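In each ligand, atom 1 is the first atom listed, and ligand 1 is the first ligand listed. Bear in mind that the values here come from a model prediction, so they are computed numbers and not experimental data.
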Amino acid sequence: MTRRNLLATAPLWTARPAALEVKRWSIVTIGNLSRNRYWGEPDTKALRGAICTCTLISGDGFELLVDPSLSGRDEMAKELDRRAGLKLSDISAVFVTHEHGDHFAGIEHFDRAAWYAAAPVAEILNATKRLTRVLAPAPQTLLGAVEVNPTPGHTRSHHSLMFRGGGRGIVAAGDAVATLDFWRERRSYFNAVDPLEAARTMARLADAADIVIPGHDNYFLV
Ligand SMILES: [Zn+2]
């Protein structure tokens, strides 16, 4: 069996649903793309800086920040306070979905937190030596409440987080889903390494989740 087939058949939920219920989840920053074809913009040129969607998942004894988005320390601190009443030092863990710079632009602000990425992402980023600390390879179930699942297509190593909140299945997709418009057409962003694989990943997420938090947009219902 090829690696692709293994990924395509791997279950998205492996732990018992009750074990995955988190206390609260909040969008800290709603992301945007540098260019958006659904706004009539060409894929060939960046028209603005990209900011990714950054999500806080609060659970039993942890505050997990997914894709720390803002490179400015004061700006990141302000958004975290505004959206969740937390300080930078309150974040106990950070997870990075993939190796693109906008998805870890603010990671250095969280020097007290554990830094995680799925093993292939950690390997890529650690080899660049761009970060002051190494990312630890995340286990399949992170912090006892969040599942780390391969969602290839945008990049080969891309991983998303799945968890339950309010009885619903939620995926913090990262760039496996760019925005709601891209999702509706099962279209990947222009820089995807494998658009067909990305479309398959989106189809799997549509079956597995009730709510999608995309990489560069507000969350939406499936
Ligand atoms: Zn990306």
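Between the side chains of Glu63 and Ser92, no donor N or O sits under 3.5 Å from an acceptor N or O.
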Without placing hydrogens or testing angles, list every side-chain donor-acceptor pair under 3.5 Å for residues 72-79, not counting sequence neighbours.
residue : atom : partner : partner atom : Å
Glu79   : OE1  : Arg82   : NE           : 3.2
Glu79   : OE1  : Arg82   : NH2          : 2.7
Glu79   : OE2  : Arg82   : NE           : 3.4

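For the Zn ion (ligand 1), protein N/O/S neighbours under 2.8 Å (waters excluded) are His98 NE2, His100 ND1, His154 NE2, Asp175 OD2.
Considering only residues two or more places apart in sequence or on other chains, Ser34 meets the side-chain hydrogen bond (donor to acceptor under 3.5 Å, both in side chains) condition with Tyr189. In this structure, the salt bridge (charged side-chain N to carboxylate O under 4.0 Å, His left out) partners of Asp43, at least two apart in sequence or on a different chain, are Arg37.
More than 12 heavy atoms of other residues, nucleotides or ligands sit less than 6.0 Å from atom CZ of Arg48.
In summary, of the residues considered (Leu56, Asp81, Leu65), a side chain to side chain contact (heavy atoms under 4.5 Å, CB included) with Leu86 occurs for Leu56 alone.
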